Visitor: 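My questions all concern the structure below.
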Amino acid sequence: MKKRVLIGLSLATPLAVNALNLQGSQTFTDEINIPTTHSFETIEDNIIISGINITPASDTVFKKDVSINVYKDNLSDINNNFVISGIHGYQSSASTVPSSTIFEQDLNIKMKGEDVYAIHLADKNSTVIINGKANLSVDSRYSDDDETIFVTAGKLVFNGETHIDNNFDAIYLAGEGTNIIFNGDSYINGNIYSVDLGKLNLNSKAKINGNILAYDQGIAELYLKPGSKIIGAAYSNGFDTYVDDDEDDEYDFYYNLYTPGYISMDFSENSSWDITREDSYINLLSGQGNIRFTNDYSNNNYGKLFIETLKGASVFNLRTNVTQEHSDKIVISSSAEGTHTINLINNGSAQTTGNEKLTLVEIDDNATNTAEFKTNHDVELGGYQYSLNKDGKDYVLTGKPITSSAMASAGFLNANYLMNYVETQTLLKRLGDMRTSGKFGDVWLRGFTGKLDSFSGGKLSKFDMSYHGFQFGADKQLSENSPFVIGAFVGQTYGNPDYKNGDGSLRSFNTGIYATYLDNSGFYIDSVVKYDRQKNHFKVKDTANNRIQGTGHSNGLGLSMELGQKFKINDFYVEPQTQFSYSHQNGNSINASNGLKVKLGNYNSLIGRASALLGYEFNSDENSINIYAKTGIVREFDGDTYYKLNNHKESHSFKGNWWNNGVGINANFNQKHNIYLDLESSPGNKFDLLQVNGGYRYSF
């Protein structure tokens, strides 16, 4: 800690030299420029004290601008053990008569060198008032003890716009009754000290770049108007220091205790504080300031703001590392009231599990607490969403469901599964009534559209997707009298998934071959081998309304086997059916734009269906019409898989049952043109489906 001595004892000697020595009552009506119009004397062995020296009982008014420019290194014959000041005031006797110095216009003081001050006051009866603009600077290249303003007694008032600049410390005030007041816009570069019962009052818009320290009952009260900004830390808690006692030529360290002071900050709306060090201590924080920590936290040295009393409606911007339980923190010891907001930054790359807890606001058990803390939004960390909840008096960040980007990424599982189911379907929907197939072959085109929704699957619920697609194919009987038909097809399907807070797109290319056995007895077997390649994309909004997107690709293979038997009852018929569909879908990886990395596991699907058709057939020589209704139950026997959110694994399963109901019509004209249409609904415990399917087949 700095050692301070009262400077100015040399005024009692005849060797002190000043450019202006203020005595009695004086009014200066001309501009003052020191040392141009009022020069320092350069007498050998003289000690230069100040540009302007204020003596006790003086009463001085400067009507015009005053400029003081002192470069100590350029002055000759100076004993470097003494400090020089732009303005100096010292009580050299027991006089109690007050002195007053008023600057009506601008005051410009520029000091450079070692052991220099812009303003140095040490007279408790002295008052200095600057009504105009003040520009005060000290360029101290050698010492951090050269404050721009150094006041150990007296009163200093700035009513106009004030600029204070220093390499190290801008202001130091000490002593009971000592007071510095800022009423105009203030721009302060350098640290501020208020110690030993000294008091600093700031009642203006201010830009402060430096730390604020109050100890040994020093006071700093800041009422910051809109547009104010503080960049630095604050300390009012008192502290210990080490002192070297080497009387025995050894290093014996002991504590010197500096008792606490008092710092209060009241922030108007649109004012802010950037805390640049790990810890800050303040007695009263009020108003509507925006506060954030900007210290280096690369080694988990997050910031802590210790507040004795909190009021108003502050906004705290906190950084978090929930996986290691580190964060910036607000600690309140005495009293908390008001409604305050905590801003948190989403971080999709965090390695979270959703089970972590992190205390952001810590309130002492003995503190009076009516305050409420809320977040501007739930914070997304990794693939999980966290909310701020009250735990006793503290406020703790706890995990909730997965994020919108995680749900959309992992939702590719649902989209791919359902798309594969939609594309496989049944013989009747793919080709219509194959019993009217041509002798030499068929070409066909099938189109379909539908909607899937209400997917229930743990954390990936509330998924829905509209879709449409087509398949084109051709087939041929092996011979004129053969019951076997072989064919191939290609198709495209387009999906529009809806995700939480966004949507996406799905494009599926599929191709395959099939073989169908049709017996005259009404028995049939249909087998299909299919390959698909699916491309997914999503774009969602996170809790901070940021746009997040991601893309994934997946390949799959499928095999379906369907068989049925038609039993005719006059023009009516009943046709029981069963089908087994096996597919394998490869996993894929999604790198979302917010840093979230999602890995989707591969999976096997085995779907079994047991259905029955009840139909009516009308036949003529050239034409036929088949009208039917169908119902059945479908079950997924496998479908277990997983997804990883930044390497944290979550299980997922497609197992479940659903009904399959529908009505349809198949019409054949001239034994060449086959038109078919059906409508089906599939309600289930995993998803609901509603689809319209139509096709046309031309027989040779």
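This structure is a prediction, so every number in the text was calculated from the model and none was measured. We number each residue from 1, following the sequence as shown. Just so it is clear, the values below take in all heavy atoms, side chains as well, and ignore hydrogens, waters and symmetry mates.
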Visitor: Side chains of Asn347 and Arg319: any donor to acceptor distance under 3.5 Å?
Guide: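 No - no donor-acceptor pair under 3.5 Å links their side chains.
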Visitor: State, yes or no, whether a side-chain contact exists between Glu221 and Lys199 at a heavy-atom distance under 4.5 Å.
Guide: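 They are in contact (side-chain heavy atoms under 4.5 Å apart), so the answer is yes.
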Visitor: Looking at the rings of Tyr384 and His648, which for Trp means the six-membered one, are their centres under 6.0 Å apart?
Guide: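 Close enough - the centres of the two rings lie under 6.0 Å apart.
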Visitor: Does any donor atom in the side chain of Asp394 or Thr359 lie under 3.5 Å from an acceptor atom in the other side chain?
Guide: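 Distance-only check fails for Asp394 and Thr359.
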Visitor: Nearest heavy-atom pair of Ser404 and Lys541: which atoms, and what distance?
Guide: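 Residues Ser404 and Lys541, closest heavy atoms: OG-O, 3.0 Å.
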Visitor: Got a second to check how far Thr101's OG1 is from Ile87's CD1, nearest 0.5 Å?
Guide: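 That separation rounds to 8.0 Å.
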Visitor: Where does the angle between the aromatic ring planes of Tyr281 and Phe306 fall among parallel (under 30°), tilted (30 to 60°) and perpendicular (over 60°)?
Guide: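 Parallel, since the angle between the ring planes stays under 30°.
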Visitor: Rounded to the nearest 0.5 Å, how far does CG of Leu381 lie from CG of Leu645?
Guide: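 Interatomic distance, Leu645 CG to Leu381 CG, rounded to 0.5 Å: 13.0 Å.
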Visitor: So Ile208 and Leu202, side chain to side chain contact (heavy atoms under 4.5 Å, CB included) or not? Walk me through it.
Guide: CA-CA 11 Å; Ile208 301 174; Leu202 192 149; 4.1 Å; yes
Visitor: Just so I know, are the side chains of Asn290 and Asn317 near enough to count as touching, which here means a heavy-atom distance under 4.5 Å?
Guide: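 Asn290 reaches Asn317 side chain to side chain.
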Visitor: Do the rings of Tyr193 and Tyr215 sit parallel, tilted or perpendicular, given the 30° and 60° boundaries?
Guide: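 The rings of Tyr193 and Tyr215 stand perpendicular, inter-plane angle above 60°.
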Visitor: Can you tell me how far the CG atom of Asn301 sits from the NE2 atom of His326, to the nearest 0.5 Å?
Guide: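 So the gap between those two atoms works out to 9.0 Å.
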Visitor: Give a yes or no on whether Lys393 atom NZ has more than 12 heavy-atom contacts from other residues, nucleotides or ligands under 6.0 Å away.
Guide: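 Result for NZ/Lys393: enclosed.
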Visitor: Taking the side chain as every heavy atom from C-beta outward, state whether Leu388 and Leu344 have any atom pair closer than 4.5 Å.
Guide: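 A side-chain contact under 4.5 Å is absent here.
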Visitor: Quick check: do His340 and Ser314 have side-chain heavy atoms less than 4.5 Å from each other?
Guide: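 Of all side-chain heavy-atom pairs linking Ser314 with His340, at least one is under 4.5 Å.
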Visitor: Which heavy atom in Ile402 sits nearest to a heavy atom in Gln385, and how many Å separate them?
Guide: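 Answer, listing the atom of Ile402 first, then Gln385: O-OE1, 4.3 Å.
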Visitor: For Lys390, look at atom NZ and say whether over 12 heavy atoms of other residues, nucleotides or ligands are found less than 6.0 Å away.
Guide: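 Check passes, neighbour count above 12.
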Visitor: Could you go through residues 157-164 and list every donor-acceptor pair under 3.5 Å that involves a side-chain atom there, pairing it with any protein atom two or more places apart or in another chain?
Guide:
{"residue": "Asn159", "atom": "OD1", "partner": "Asn183", "partner atom": "ND2", "Å": "2.8"}
{"residue": "Asn159", "atom": "ND2", "partner": "Asn131", "partner atom": "OD1", "Å": "2.8"}
{"residue": "Glu161", "atom": "OE2", "partner": "His163", "partner atom": "NE2", "Å": "2.6"}
{"residue": "Thr162", "atom": "OG1", "partner": "Gly160", "partner atom": "O", "Å": "3.1"}

Visitor: Looking at Asn300, I want to see if its CG is surrounded by more than 12 non-hydrogen atoms of other residues, nucleotides or ligands under 6.0 Å.
Guide: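 Count over threshold, so yes.
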Visitor: Would you say NZ of Lys124 has more than 12 non-hydrogen atoms from neighbouring residues, nucleotides or ligands within 6.0 angstrom?
Guide: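 At most 12 heavy atoms, drawn from other residues, nucleotides or ligands, come within 6.0 Å of this atom.
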Visitor: Does any part of the side chain of Leu107, heavy atoms only, come nearer than 4.5 Å to the side chain of Leu136, both counted from C-beta?
Guide: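 Side chain of Leu136 against side chain of Leu107, heavy atoms only: contact under 4.5 Å found.
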Visitor: For Asn135 and Asp106, does a side-chain donor sit closer than 3.5 Å to a side-chain acceptor?
Guide: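 Absent: no donor and acceptor within the cut-off.
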Visitor: Quick one: CG on Asn209 to CD1 on Ile231, what's the gap to the nearest 0.5 Å?
Guide: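 So the gap between those two atoms works out to 5.0 Å.
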Visitor: Under the salt bridge (Lys or Arg N to Asp or Glu O under 4.0 Å) definition, can you give me all pairs with a residue in residues 370-389, not counting sequence neighbours?
Guide: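 As it turns out, the salt bridge (Lys or Arg N to Asp or Glu O under 4.0 Å) pairs with a partner in residues 370-389, which skip direct neighbours, are Asp378-Lys400.
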Visitor: Look up atom OG in Ser271 and atom CG in Leu224, then write down how far apart they are to the nearest 0.5 Å.
Guide: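 Spacing of OG (Ser271) from CG (Leu224) equals 6.0 Å.
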Visitor: Stepwise, does the side chain to side chain contact (heavy atoms under 4.5 Å, CB included) test hold for Tyr302 with Thr320?
Guide: CA-CA 8 Å; Tyr302 286 84; Thr320 61; 6.0 Å; no
Visitor: Looking at side-chain heavy atoms only, is the closest gap between Ile188 and Phe182 below 4.5 Å?
Guide: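 The answer is yes; the side chains approach within 4.5 Å.
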Visitor: Does a donor on one side chain sit under 3.5 Å from an acceptor on the other, for His377 and Asn545?
Guide: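 No, no side-chain donor-acceptor contact under 3.5 Å.
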Visitor: Taking all heavy atoms of Val138 and all of Glu147, pick out the closest pair and write down the distance.
Guide: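 Smallest interatomic distance, heavy atoms only, reads CG2-O, 3.9 Å.
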Visitor: Output, in order, the C-alpha distance, side-chain angles, deciding distance and verdict of side chain to side chain contact (heavy atoms under 4.5 Å, CB included) for Phe538 and Ile590.
Guide: CA-CA 10 Å; Phe538 75 83; Ile590 301 100; 4.1 Å; yes
Visitor: Establish, from distance only, whether the side-chain atoms of Thr276 and Asp274 form a donor-acceptor pair under 3.5 Å.
Guide: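 No donor-acceptor contact under 3.5 Å links the two side chains.
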Visitor: What's the shortest heavy-atom distance between Asn646 and Gln351, and which atoms?
Guide: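 Looking at all heavy atoms of both residues, the shortest contact is O-OE1, 2.5 Å.
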Visitor: Find out whether Lys599 and Tyr642 are in side-chain contact, i.e. whether some heavy atom of one side chain is under 4.5 Å from a heavy atom of the other.
Guide: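 With C-beta onward as the side chain, the pair touches.
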Visitor: Quick one: pull up CD in Glu308 and CD1 in Ile282 and give me the separation to the nearest 0.5 Å.
Guide: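 Those atoms lie 10.5 Å apart.
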Visitor: How close do Thr352 and Gly382 get, heavy atom to heavy atom, and via which atoms?
Guide: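 Minimum heavy-atom separation between Thr352 and Gly382: OG1-CA, 3.6 Å.
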Visitor: Establish, from distance only, whether the side-chain atoms of Asn389 and Thr398 form a donor-acceptor pair under 3.5 Å.
Guide: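 A donor-acceptor contact under 3.5 Å links the two side chains.
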Visitor: Determine yes or no for a side-chain-to-main-chain donor-acceptor pair under 3.5 angstrom, with Thr127 supplying the side chain and Asn125 the backbone.
Guide: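 A pair under 3.5 Å: no.
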Visitor: Do Asn179 and Asn201 have side-chain N/O donor and acceptor atoms under 3.5 Å apart?
Guide: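 Side chains of Asn179 and Asn201: pair found under 3.5 Å.
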Visitor: Mind listing the closest non-hydrogen atom pair of Trp273 and Ser280 along with its distance?
Guide: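 Scanning both residues completely, I find the closest heavy atoms to be CZ2-OG, 4.1 Å.
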Visitor: Above 12 or not: heavy atoms from other molecules or residues under 6.0 Å from OH of Tyr223?
Guide: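 No - once you tally the heavy atoms of other residues, nucleotides and ligands closer than 6.0 Å, there are 12 at most.
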Visitor: Within the supplied structure, the quantity of interest is the number of heavy atoms (other residues, nucleotides, ligands) at a distance under 6.0 Å from Lys539 NZ; does it exceed 12?
Guide: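 For Lys539, atom NZ is crowded (more than 12 foreign heavy atoms under 6.0 Å).
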Visitor: Other residues, nucleotides and ligands only: do more than 12 of their heavy atoms fall within 6.0 Å of CD on Gln217?
Guide: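 Check fails, neighbour count at 12 or below.
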Visitor: Evaluate whether atom CZ of Arg277 has more than 12 neighbouring non-hydrogen atoms of other residues, nucleotides or ligands under 6.0 angstrom away.
Guide: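 Count not over threshold, so no.
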Visitor: Please tell me whether Thr309 and Ser335 have a donor and an acceptor in their side chains that are separated by less than 3.5 angstrom.
Guide: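 Ser335 and Thr309 do not have a side-chain donor-acceptor pair below 3.5 Å.
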Visitor: Quick one: does Asn166's side chain have a donor or acceptor within less than 3.5 Å of a partner on Asp146's backbone?
Guide: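 Judged by distance alone, yes, a pair lies under 3.5 Å.
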Visitor: In this structure, which one of Asn546, Asp542, Asn594 forms a side chain to side chain donor-acceptor pair (under 3.5 Å) with Asn346?
Guide: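 Of the listed residues Asn546, Asp542, Asn594, the side chain to side chain donor-acceptor pair (under 3.5 Å) partner of Asn346 is Asp542.
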